[in-house]
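Here the structure comes first, spelled out in structure tokens, and everything after it is commentary.
Values in this document were obtained by computation on a predicted structure and should not be read as measured data.
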Amino acid sequence: DGIDPDVYGKDSTGVLGMKREIKDKVIAAGMEWTQIFIGGFADWMLPTMQWDALSSHGKGDVRIIINCAADVGAVYARASIDPRTSRKAVIMKSHVGTEIEALALVRKYYPESLKMLRNHTEDEIRKRAAAGEDMAQVEAHFYLDGLCDFTSPTFLKTAPSHMDAKELYPDLTFQSWEELYADPTFFYGPKGAS
């Protein structure tokens, strides 16, 4: 999961509502479970050219948590067999930043790409979300409402018992945003890096 469904409530619709429904059903069934909240996947949620467009959202000043797939995989592999995480949630909060910070790294490594930057305004995102567009609902929660900032008072009040992946597995090292952006394959995707 990227965002804890307990934070955005039972009235969410679309993809976010389905996540909440699945969580409720798993718990009600009495199954063993571990939830891992990653924020967003770096190659999907940070501004890159992997999708043939460089995008930003709102003012770009909302704190977001982003992790790369390899780091998420390492935590999933450990947490899935760790008895300490049974019936608990693990959060990955090592990399907190804003789109403004991410775009500063784009400027540092790929300045020519900024000519293609398209900003999705808050009004545009909210209108699309109100119309029921799933991706716009995710964008609103993530980039505008800050619901994946696992260090915010709102999150900590709602989910105080979550376990921190970095504290559980101090031997793991996670790629920084700087390391990700320094790699053209991350920014352009496998096809465009050559």
Side-chain angles (χ1 to χ4, degrees), residues 1-46 50-51 57 62-99 125-126 128-177 180:
D1 268 335
I3 305 169
D4 186 344
D6 289 332
V7 173
Y8 49 76
K10 290 184 181 273
D11 59 345
S12 294
T13 59
V15 171
L16 303 178
M18 287 188 309
K19 284 184 176 189
R20 175 61 199 217
E21 188 178 324
I22 290 167
K23 179 182 178 183
D24 289 346
K25 286 181 179 179
V26 167
I27 290 171
M31 298 167 56
E32 284 296 315
W33 58 271
T34 299
Q35 269 188 303
I36 301 177
F37 299 116
I38 65 162
F41 280 107
D43 59 349
W44 191 51
M45 302 302 277
L46 283 178
Q50 290 194 38
W51 310 105
H57 304 81
V62 172
R63 289 164 41 97
I64 54 178
I65 292 184
I66 301 287
N67 289 281
C68 73
D71 295 343
V72 172
V75 170
Y76 268 82
R78 296 267 185 102
S80 67
I81 58 171
D82 187 341
R84 298 175 295 170
T85 66
S86 177
R87 297 181 183 272
K88 294 191 175 106
V90 175
I91 54 175
M92 294 180 68
K93 60 181 182 179
S94 298
H95 302 302
V96 182
T98 65
E99 279 192 308
I125 294 168
R126 298 262 186 231
R128 289 178 20 237
E133 185 185 318
D134 281 345
M135 191 62 218
Q137 291 175 10
V138 171
E139 289 171 353
H141 286 308
F142 197 83
Y143 298 112
L144 305 178
D145 302 332
L147 293 185
C148 99
D149 178 1
F150 305 145
T151 62
S152 74
T154 301
F155 183 85
L156 295 173
K157 179 180 161 193
T158 308
S161 64
H162 289 12
M163 305 173 84
D164 185 340
K166 196 70 180 143
E167 292 172 12
L168 281 169
Y169 313 114
D171 59 312
L172 291 180
T173 56
F174 301 116
Q175 282 188 290
S176 69
W177 290 11
L180 291 172

**OP:** Could you tell me which residues satisfy side chain to side chain donor-acceptor pair (under 3.5 Å) with H95, sequence neighbours excluded, listed by chain and number?
**Re:** none
**OP:** Begin from the C-alpha positions of V72 and M92 and carry the test side-chain contact (heavy atoms from CB on, under 4.5 Å) through to its verdict.
**Re:** CA-CA 8 Å; V72 172; M92 294 180 68; 4.0 Å; yes
**OP:** For the pair M45 and I64, evaluate side-chain contact (heavy atoms from CB on, under 4.5 Å) and give the outcome as yes or no after the intermediate values.
**Re:** CA-CA 9 Å; M45 302 302 277; I64 54 178; 5.9 Å; no
Subject >> Nearest non-hydrogen partners of A42 and I66, listed with the distance >> reply: CA-CG2, 3.1 Å
Original post:
Would you find a donor on one side and an acceptor on the other, under 3.5 Å apart, between the side chain of T34 and the backbone of T85?
Top reply: yes
**OP:** Check whether any side-chain N or O of Y143 sits under 3.5 Å from a backbone N or O of R63 as a donor-acceptor pair, and report yes or no.
**Re:** no
Original post:
What's the shortest heavy-atom distance between R87 and G30, and which atoms?
Top reply: NH2-O, 2.8 Å
**OP:** Using a 4.5 Å cut-off on heavy atoms from C-beta on, say whether the side chain of K93 contacts that of D164.
**Re:** yes
**OP:** Quick one: closest heavy-atom pair of A129 and A136, and the distance?
**Re:** N-CB, 3.4 Å
Subject >> Shortest non-hydrogen contact from W33 toward Q35 >> reply: CE3-N, 3.7 Å
Subject >> Spacing of W44 atom CH2 and Q50 atom CD [to the nearest 0.5 Å] >> reply: 13.0 Å
**OP:** Could you tell me the separation between the OH atom of Y76 and the CD1 atom of I36, rounded to the nearest 0.5 Å?
**Re:** 5.0 Å
**OP:** For T173, enumerate each residue passing the side chain to side chain donor-acceptor pair (under 3.5 Å) test, keeping only those at least two apart in sequence or located in another chain.
**Re:** none
Original post:
Quick one: does V75's side chain get under 4.5 Å of F174's, heavy atoms only?
Top reply: yes
Subject >> Residues D71, K166: salt bridge by 4.0 Å N-O rule >> reply: no
**OP:** Can you measure from CG (L144) to CD (E139) and round to the nearest 0.5 angstrom?
**Re:** 8.0 Å
Original post:
Charged N to carboxylate O under 4.0 angstrom, R78 versus D171?
Top reply: yes
Subject >> Side chains of V62 and T98 in contact at under 4.5 Å (non-hydrogen atoms) >> reply: no
**OP:** Could you check D82 against Y169 for side-chain contact (heavy atoms from CB on, under 4.5 Å), going step by step and ending with a plain yes or no?
**Re:** CA-CA 10 Å; D82 187 341; Y169 313 114; 2.8 Å; yes
Subject >> Closest heavy-atom pair and its distance - I125, A140 >> reply: CG2-N, 3.8 Å
Subject >> Shortest non-hydrogen separation from K88 to M163 and the atoms involved >> reply: CD-SD, 3.5 Å
Subject >> Main-chain N/O of H57 paired to E99 side chain as donor or acceptor, under 3.5 Å >> reply: yes
**OP:** Quick one: pull up CD1 in I27 and CD1 in I22 and give me the separation to the nearest 0.5 Å.
**Re:** 12.0 Å
Original post:
With sequence neighbours excluded, what pairs up with S86 under the side chain to side chain donor-acceptor pair (under 3.5 Å) test?
Top reply: E32
Original post:
Is there a side-chain contact (heavy atoms from CB on, under 4.5 Å) between I65 and I38 once you walk through the steps?
Top reply: CA-CA 7 Å; I65 292 184; I38 65 162; over 6 Å; no
